[in-house]
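Comments concern the structure below.
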Amino acid sequence: MGYKYIFGPVFSGRIGRSLGLDLLGKRICSMDCVYCEVGTTDSLVTVRRPYVPATVLLEELENWKQEGHIVPDVITLGGLGEPTLNSDLPEIICGVKKLFPSLPVAVLTNATPMTDPEVRRELLEADIVLPSMDSLVASEFRAINRPCKGIDPEDVAKALIEFRKEFKGKIFLEVLLSKGYNDSAENLSKMKDFCSELSPDRIDVVTLSRPGTLDTSGPVNSGTLDVWKKALDAAPCIDRECGPDNGAKERNSSDISAPVQGEDSAAFDRIQASLMRRPQTAQQLSKALEISFDGVIQAIEELEKSGRLTKRQTGDEIYYKFGPDG
Ligand code: SF4
């Protein structure tokens, strides 16, 4: 069956084969990052609401479980915006753990709602928290992350350090560098101090590898990336979400024999749902969703014909993104 709020699994270089839960349903976020892969934020807010109620999300997850899919490595709360803005977060974490007691629950977050002690308390129930922090220079933070008014990066950094004191799980920090936005020496110096105080379990310094919201956002060169990685003692290089270091068995697309679109509309729905959350190549979709490469191509052609998909060349790869370009 098709799902509205469950997507993937997708391969993540950081956490493995990850089944995604979308806690927003729409592009609702406290930031509007220039590099965002899901596109421009439609509702730039800090207010917490049950944007997707826990009961609805957990019912979908229960149905997904009953369908007998291959069990992922982790269940990740994320989606089309900032998942901790969903005020049903505690019920969702608890419900996921009841349905999949042996799987870790990860939460992707831009960390801005964590200035609220209540959000920090709720996140203590997760197993892995993956915050992002791109700049501690206020002007850079405003330029790259375009946050809601009143959000100060130093407050967010302090909130993360508070959280670290109590949290028993793992913190995987991500720093995304965009050329000319946040690759300054001033930011590097502040981030070094912050990382040494936070002492996360893992630091990933990455740059854009897929289309962002704005064409002005571009990657830094490998030399800059190396300097930052060394300075912050970051983990070895990964592709942000679909890296080859995911531990999964590599295989050719021709090995994958799941049904093709046309024979199985559920496969088409899964491809569409996955592309709505993250631009991907046909190969990545085929591998992560375990749908034949031909099936993915058929679905892509159909989506392109109906004008719902945009194609963009990044290096040697062709990424497909849901919705219009820009
Ligand atoms: S990248 Fe994350 S934090 Fe930034 S706008 Fe997109 S969903 Fe929000």
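Just so you know, ligand 1 is whichever comes first in the structure, and atom 1 is the first atom listed for that ligand.
- In this structure, atom 1 (S) of ligand 1 has protein heavy atoms in its sub-4.0 angstrom surroundings.
- The pair R120-E166 fails the salt-bridge criterion, with no side-chain N (NZ, NE, NH1 or NH2) lying under 4.0 Å from an Asp/Glu carboxylate O.
- Of all the listed residues (T40, D32, N110, L80), N110 holds the heavy atom that lies closest to atom 3 (S) of ligand 1.
- S18 and S12 form no side-chain donor-acceptor contact under 3.5 Å, judged by distance and modelled atom types alone.
- Ligand 1 has no atom lying under 4.0 Å from any heavy atom of E82.
- In this structure, the separation between CZ on F172 and CD1 on I15 is 8.0 Å, given to the nearest 0.5 Å.
- Heavy-atom contacts of T41 reach the following atoms of ligand 1: 5 (S) (cutoff under 4.0 Å).
- In this structure, S178 and I144 approach most closely via the heavy-atom pair CB-CD1, 3.8 Å.
- Ring-plane geometry between H69 and W64 is classed as parallel, the angle between the planes falling under 30 degrees on a 0 to 90 degree scale with a further cut at 60.
- Judged by distance alone, the side chains of Q283 and T281 never bring a donor and an acceptor atom under 3.5 Å apart.
- The nearest heavy-atom contact from the protein to atom 7 (S) of ligand 1 is G81 CA, 3.8 Å.
- Looking only at protein heavy atoms, the nearest one to atom 6 (Fe) of ligand 1 is C36 SG, 2.3 Å.
- Looking from atom 4 (Fe) of ligand 1 to the surrounding protein, the closest heavy atom is C33 SG, 2.3 Å.
- Inclusion of C29 in the first shell of atom 8 (Fe) of ligand 1 is supported: an N, O or S atom falls under 2.8 Å.
- Residue M31 approaches ligand 1 through these ligand atoms, each under 4.0 Å from one of its heavy atoms: 5 (S), 8 (Fe).
- Between E62 and K65 there is no salt bridge, since no side-chain N of the basic residue sits under 4.0 Å from a carboxylate O of the acidic one.
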